[in-house]
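Here the structure is a predicted model, which means the values were calculated and not measured. In what follows, every chain begins at residue 1, and chains take the letters A, B, ... in the order their sequences are listed. Side chains are part of it too, since the values below use all heavy atoms of this structure and drop only hydrogens, waters and symmetry mates.
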Amino acid sequence: MKNTLSIYNTLSRKKEVFEPLHAGKVGMYVCGPTVYGDAHLGHTRPAITFDLLYRYLMHLEYKVRYVRNITDVGHLVGDADEGEDKIAKKAKLDEVEPMEVVQKYTNNYRNDMRKLNVLPPNIEPTATGHIIEQIEEVKKILEAGYAYESNGSVYFDVEKFAKNHDYGKLSGRRIEDLLENTRQLDGQNEKRSGLDFALWKNAAPEHLMRWPSPWGIGFPGWHMECSAMSTKYLGKEFDIHGGGMDLMFPHHEAEIAQCVASNGHESARYWMHNNMVTINGQKMGKSLGNFITLEQFFNGEHDLLEQAYSPMTIRFFILQAHYRSTLDFSNEALQAAEKGMERLLKATTVLQTLTASNESTVDVNALEAKCYAAMNDDINSPILIAHLFDGVKMINSISDGKATINADDLAKLQQLYQAFVFDILGLEATEAGSSNDDSEKMDGVMQLLLEMRQSAKTNKDWATADKIRDELKSIGIEIKDTKEGATWELK
RNA sequence: GGUCUCUUGGCCGAGUGGCUAGGCAGUGGUCUGCAAAACCACGUACGGCGGUUCGAAUCCGCCAGAGACCUCCA
């Protein structure tokens, strides 16, 4: 039951049973961020999608090597400039070293991911740290005859490759269509065809990031790093390659071509693509300028945000949609996610306090089977979450005495929620007040106030009881009366 | 222009040829001194028009609308 994971393979356009290349082991490569700006909501989609997959594979007891790169060189700014590196351009703007920019945004990215409880990959290689490997790959492609040198740059010969290979198989493109739709880009005159892409690019004198190569001073092409680094750390053939849908063409298509040209066969067996986060129905993206950074979500400082949203709310929001669907941002949707998640997490706390009876009136095995079925069906987290909410009703009913559970089932249910809510979905309970001295004192003060209010209530002194409640509320402390007594929380 | 995808109830979002998705909001109830919170219960749906079928929101066609990629992008 646990081991019938199916995943949607972009190559075949259907769900396939996942069978690793080597029994019990999984190699997976995911395209990481370009570190020239703060991470925004869109960046969380692949990070959380593949974190979910990584966590689930580990839960299934696979030994996983998860590689996610940091792109710190190699992408062009746009077609208007002179082939200048994105990172170099920003660096000049800020008048700092390119590597300083890279370091800053890498740090920010890792920091944001940690807040989102995204597990760090096993290897997080950088493009600048693998220039030698990339040059070696370019050499191999030249030797294989699928590339040519021009003016100190090396280009991949797409038309030649397409004669005996299927260029466009991943993205569903036909070479004839592509040939009709090429645009004027930098270096076009150096290329034999508009479809050809750079494997190595000659650096202009003002270009800051530059390395020596057999073809002169330059920098690696846009798609080279993923081929070189996936091969180095996962081998010439590996299990899963992931990334955003927008990378399918040309990036992943070029990667496939590079690997085939250099190794004689394709590298990744399963290609997985997450869909986009939209805002007002349109893709949230760097180039459109309609993005909201994670930092802005966390502190609420953006015109479109009605409030701050915790990292866990963002994570739950992402997980409530299937990774292959678009997900539309709105305050209403995020607030719904926030409340729903609180209810789910609260139930996990209640679950720890349940006591066992002799008989079970609930079916824990059926719930467990449904949870695995959901995850095995192309890691369908929204379905999983729906089942977990059914379980919330079960937990609350037992807590209310409307249902009973025996000791074995209770242990199983507790394990189930630990596994699915915390280990697999990667949610974590919101920090219930840090345990420093101040919060301990605060807690003491609050206990005193609650006791005073309770005695006022006992004396039917409603004026005093309500004054305590209302005045605390006005300074942002909310009292909640429960069956077990009053509790408080900061709002 | 080319290729492809999507259109589900107030909002977000699953799924499927016939069997309740789920969450949030809303309504009713339980609890409470009152309220909040919490818990329980309950609607409303499958863009339009045709077709296939015993039966379609689910398959096919047309129309309308939205989007993605074709250029860096998660």
Side-chain angles (χ1 to χ4, degrees), chain A residues 13 30-34 36-37 39-50 71 74-81 86 168 171-174 176-186 195 222 242-251 273-278 280-288 291 316-317 320-322 324-341 343-344 346-347 350 374 377 380-390 392-393 396-397 399-400 402 457 460-462 465-466 469-470 473 478-483 486-487 489:
Chain A
R13 314 235 153 196
V30 173
C31 290
T34 304
Y36 68 103
H40 59 73
L41 186 60
H43 292 101
T44 60
R45 202 82 198 270
I48 290 173
T49 295
F50 294 105
T71 296
H75 290 268
L76 298 173
V77 172
D79 49 13
D81 68 32
K86 258 184 191 169
S171 56
R173 262 148 236 263
R174 294 181 308 154
E176 304 83 54
D177 294 338
L178 291 168
L179 283 167
E180 288 171 16
N181 288 301
T182 49
R183 291 198 199 175
Q184 195 64 33
L185 283 173
D186 170 55
L195 290 186
W222 322 338
M245 266 182 187
D246 49 354
L247 296 179
M248 221 155 79
F249 190 90
H251 182 59
H273 291 96
N274 62 273
N275 213 319
M276 304 290 108
V277 174
T278 58
N280 295 321
Q282 202 180 31
K283 172 185 168 183
M284 183 181 284
K286 188 87 185 164
S287 26
L288 290 165
F291 60 93
F316 192 73
F317 174 67
Q320 263 194 315
H322 188 246
R324 284 191 287 114
S325 301
T326 55
L327 172 60
D328 200 48
F329 155 83
S330 71
N331 281 283
E332 213 177 350
L334 275 167
Q335 284 158 12
E338 182 175 52
K339 293 203 173 175
M341 180 184 66
R343 197 157 81 86
L344 176 62
K346 197 187 163 202
V350 173
D377 185 13
N380 198 322
S381 53
I383 293 288
L384 169 63
I385 289 169
H387 293 318
L388 290 172
F389 273 114
D390 288 340
V392 168
K393 284 197 179 116
N396 287 332
S397 298
S399 174
D400 285 355
K402 290 171 186 163
K457 284 172 77 172
K460 295 192 192 276
D461 178 4
W462 309 129
D466 290 352
R469 181 180 69 197
D470 298 342
K473 185 166 188 177
E478 196 164 354
I479 289 183
K480 294 179 181 176
D481 291 319
T482 69
K483 291 172 209 112
T487 62
E489 65 182 52

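A386(A) comes within 4.0 angstrom of a nucleotide base, judged by non-hydrogen atoms across all strands. G42(A) comes within contact range of at least one nucleobase, with a heavy-atom separation under 4.0 Å. Nucleic acid contact class of M276(A) (heavy atoms, under 4.0 Å, all strands): base. Within 4.0 Å of K473(A), counting heavy atoms only, lies no atom of the nucleic acid at all. Heavy atoms of R469(A) sit under 4.0 angstrom from at least one base atom. Across all strands shown, D400(A) has heavy atoms under 4.0 Å from sugar-phosphate atoms exclusively, and none from any base. T49(A) comes within 4.0 angstrom of nothing in the nucleic acid, heavy atoms only. Note on Q282(A): only backbone sugar-phosphate atoms sit closer than 4.0 angstrom, heavy atoms only; bases stay farther off. Across all strands, T44(A) comes closer than 4.0 Å to no nucleic acid atom at all (heavy-atom distances). Counting any heavy atom pair closer than 4.0 Å across all strands shown, K339(A) reaches sugar-phosphate atoms only and no base atom. D328(A) comes within 4.0 angstrom of sugar-phosphate atoms only, judged by non-hydrogen atoms across all strands, and of no base. At the heavy-atom level, H387(A) lies nowhere under 4.0 Å from the strands shown.
Taking atom C1' on both nucleotides, A57(B) is separated from G17(B) by 10 Å, rounded to a whole Å.
Applying the 4.0 Å criterion to OP1 and OP2 of C4(B), one finds that S171(A) has every side-chain N and O outside that range. In terms of phosphate contacts, K393(A) brings a side-chain nitrogen or oxygen within less than 4.0 Å of OP1 or OP2 of G23(B). Contact between the side-chain N/O atoms of N396(A) and the OP1/OP2 oxygens of C40(B) is found at a separation under 4.0 Å. Remark: N380(A) is in phosphate contact with G15(B), judged by side-chain N or O atoms under 4.0 Å from OP1 or OP2.
The side chain of D177(A) sits closest to G2(B) out of G2(B), G22(B), U71(B). The side chain of R173(A) sits closest to G2(B) out of A14(B), U71(B), G2(B). You'll find that the side chain of F249(A) is closest to C69(B), out of C69(B), A36(B), G23(B).
In the model, D328(A) has a side-chain atom that pairs as donor or acceptor with a side-chain atom of T278(A) under 3.5 Å.
From N280(A), atom CG reaches atom CD of Q282(A) across 8.0 Å, with rounding to the nearest 0.5 Å. Distance check, rounded to the nearest 0.5 Å: CD of E478(A) to CZ of R469(A) gives 10.0 Å.
For the pair D466(A) and F329(A), nearest-nucleotide mapping onto RNA chain B gives the more 5' position to F329(A). Looking at which nucleotide of RNA chain B each of R174(A) and G244(A) is closest to, the 5′-most match is held by R174(A).
A cation-pi arrangement is present between R173(A) and F249(A), with the terminal nitrogen or guanidinium carbon under 6.0 Å from the aromatic centre and inside a 45° cone about the axis. Annotation: cation-pi pair K286(A)/Y36(A) present, NZ/CZ under 6.0 Å from the ring centroid and within 45° of its normal.
D470(A) has no carboxylate O lying under 4.0 Å from a charged side-chain N of K473(A), or vice versa, which leaves the two without a salt bridge. Note on R174(A) versus D177(A): salt bridge recorded, some NZ/NE/NH1/NH2 to OD/OE distance being below 4.0 Å.
A straight line from CG of L334(A) to C1' of A25(B) spans 15 Å, rounded to a whole angstrom. What separates CZ of F291(A) from P of C72(B) is a distance of 19 Å, to the nearest Å.
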Dot-bracket notation for RNA chain B is requested: 5' to 3', Watson-Crick or G-U wobble pairs only, both distances under 3.5 Å, with ( ), [ ], | and . as defined. (((((((..(((.....[...))).(((((.......)))))....(((((..]....))))))))))))....
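Under 3.5 Å, the side chain of K283(A) and the base of C73(B) form at least one donor-acceptor pair of N or O atoms.
Ring-base stacking between F389(A) and G23(B) is not satisfied when judged by a centre separation under 5.5 Å and a plane angle under 30°.
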